[in-house]
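Not measured: the values here are computed from a predicted model. Residues take their numbers from the sequence shown, with the count starting at 1.
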Amino acid sequence: MTHGKNGAAPAQGEASALIDARIAALDDWRGRTLARMRALILEADPEAVEEVKWGGTPVWSHAGILTTGETYKAAVKLTFARGAALEDPAGLFNASLEGSTRRAIDIHEGETIDEAAFKALIRAAAALNLSTRAARPARSRKAPAGKA
């Protein structure tokens with residue numbers, strides 16, 4: 001996670017600015033692709049929170065991680081933290097298919113993505129995170145031993 005001066009994770013606004021800077025630094029197709037995917041994520045889930053983790057990786061969360069946006073020389077990779085649990089009728093997932101939890105979409109130069117299907121995946125990921133959160137038992141707050 002990229003941390004601020006006090007060691008805390010960057011606030012939403014700061015994280016968004018760091019993602020802006022990351023996109024600007026990629027002044028090629030990867031920056032344009034990451035910017036477009038970011039816009040689609042935020043259109044699909046306006047409540048998504050932007051974060052920066054693991055040394056500068058853009059992360060979008062809603063009750064848990066939805067997806068990360070990694071950039072490599074030959075691809076922009078969008079890794080869905082719980083992608084294996086999501087329906088993917090359009091077949092967008094094309095990477096990290098062997099794992100039992102994550103799934104990813106690799107976008108290479110010149111490729112386009114089914115934007116409606118991608119937005120549906122984002123909404124499904126948010127719904128899954130929210131349903132998991134709702135299913136968790138509430139934590140009880142016990143008084144420490146010896147205190148009434």
Side-chain angles (χ1 to χ4, degrees), residues 1-139 141:
M1 182 178 290
T2 302
H3 297 283
K5 291 178 189 175
N6 63 0
Q12 172 74 24
E14 184 182 343
S16 294
L18 289 169
I19 295 171
D20 289 341
R22 176 89 164 191
I23 289 169
L26 296 164
D27 63 348
D28 60 9
W29 68 271
R30 296 172 302 161
R32 291 187 299 277
T33 300
L34 185 58
R36 181 64 190 141
M37 302 316 293
R38 177 194 201 186
L40 292 173
I41 292 164
L42 297 175
E43 287 171 21
D45 184 1
E47 294 181 34
V49 174
E50 294 193 308
E51 303 173 277
V52 176
K53 297 185 178 192
W54 309 297
T57 301
V59 177
W60 291 272
S61 298
H62 186 161
I65 294 174
L66 300 171
T67 189
T68 63
E70 304 155 69
T71 53
Y72 299 97
K73 186 174 185 175
V76 171
K77 178 184 283 291
L78 297 148
T79 302
F80 284 70
R82 299 178 66 198
L86 299 175
E87 294 292 324
D88 180 22
L92 296 181
F93 291 132
N94 61 7
S96 303
L97 301 175
E98 64 286 343
S100 62
T101 305
R102 292 186 301 264
R103 293 287 183 271
I105 301 169
D106 283 358
I107 305 170
H108 300 94
E109 187 171 9
E111 292 181 342
T112 58
I113 190 165
D114 180 334
E115 293 184 358
F118 180 76
K119 287 166 74 170
L121 274 178
I122 292 295
R123 287 190 290 271
L128 178 61
N129 286 353
L130 288 166
S131 71
T132 301
R133 175 190 272 180
R136 285 187 204 138
R139 291 185 185 181
R141 292 184 165 222

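Here the closest heavy-atom approach between residue Ala81 and residue Thr101 is recorded as O-CG2, 3.2 Å. For Ala15 against Glu50, the heavy-atom pair with the smallest separation is CB-O, 3.4 Å. Between Asp45 and Ala126, the closest heavy-atom pair is OD2-CB, 3.5 Å. Taking both residues in full, the closest heavy atoms of Ile23 and Gly31 are given as CG2-O, 3.5 Å, listed atom of the first, atom of the second, then distance. Contact detail for His108 and Glu111: the closest heavy-atom pair is N-OE1, 2.8 Å. The shortest non-hydrogen separation linking Arg103 to Ser96 is NH1-O, 3.5 Å.
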| said: Evaluate Ser16 against Arg38 for side chain to side chain contact (heavy atoms under 4.5 Å, CB included), listing each step before the verdict. | reply: CA-CA 10 Å; Ser16 294; Arg38 177 194 201 186; 3.8 Å; yes
| query | Step by step, would you call Arg32 with Asp27 a salt bridge (charged side-chain N to carboxylate O under 4.0 Å, His left out)? | reply | CA-CA 8 Å; Arg32 291 187 299 277; Asp27 63 348; over 6 Å; no
| query | Between Phe118 and Ile105, does a side chain to side chain contact (heavy atoms under 4.5 Å, CB included) hold up when you go through it step by step? | reply | CA-CA 10 Å; Phe118 180 76; Ile105 301 169; 3.9 Å; yes
| task | Output, in order, the C-alpha distance, side-chain angles, deciding distance and verdict of side chain to side chain contact (heavy atoms under 4.5 Å, CB included) for Thr68 and Trp60. | result | CA-CA 6 Å; Thr68 63; Trp60 291 272; 6.0 Å; no
| task | For the pair Phe80 and Ile122, evaluate side chain to side chain contact (heavy atoms under 4.5 Å, CB included) and give the outcome as yes or no after the intermediate values. | result | CA-CA 9 Å; Phe80 284 70; Ile122 292 295; 3.7 Å; yes
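Taking CG of Leu34 as the reference point, atom CD1 of Ile107 lies at 9.0 Å (rounded to 0.5 Å). Taking CG of Leu97 as the reference point, atom CZ of Arg102 lies at 12.0 Å (rounded to 0.5 Å). To the nearest 0.5 Å, atom OG1 of residue Thr57 and atom CD of residue Glu51 are 12.0 Å apart.
Using modelled atom types and a 3.5 Å distance limit, the side chains of Asn129 and His62 yield no donor-acceptor pair. Side-chain N/O atoms of Arg82 and Thr132 include a donor and acceptor closer than 3.5 Å.
Formation of a donor-acceptor pair under 3.5 Å by the Asp88 side chain with backbone atoms of Phe93 is found in this model. The main-chain N or O of Leu66 is never found under 3.5 Å from a side-chain atom of Ser61 such that the two would form a donor-acceptor pair. Under the 3.5 Å distance criterion, the side-chain polar atoms of Asp106 are left unmatched by any main-chain donor or acceptor of Ala95.
Salt-bridge check for Arg30 with Glu109: failed, with every basic side-chain N at 4.0 Å or more from each acidic carboxylate O. Look at Lys119 and Asp114 and you find no salt bridge, because none of the NZ, NE, NH1 or NH2 atoms lies under 4.0 Å from a carboxylate O.
Checked against Thr33 for a side-chain contact (heavy atoms from CB on, under 4.5 Å), the options Val76, Thr112, Leu78 give a single hit: Val76.
Residues Val59 and Val52 have side chains not in contact (no heavy-atom distance under 4.5 Å, counting atoms from C-beta outward).
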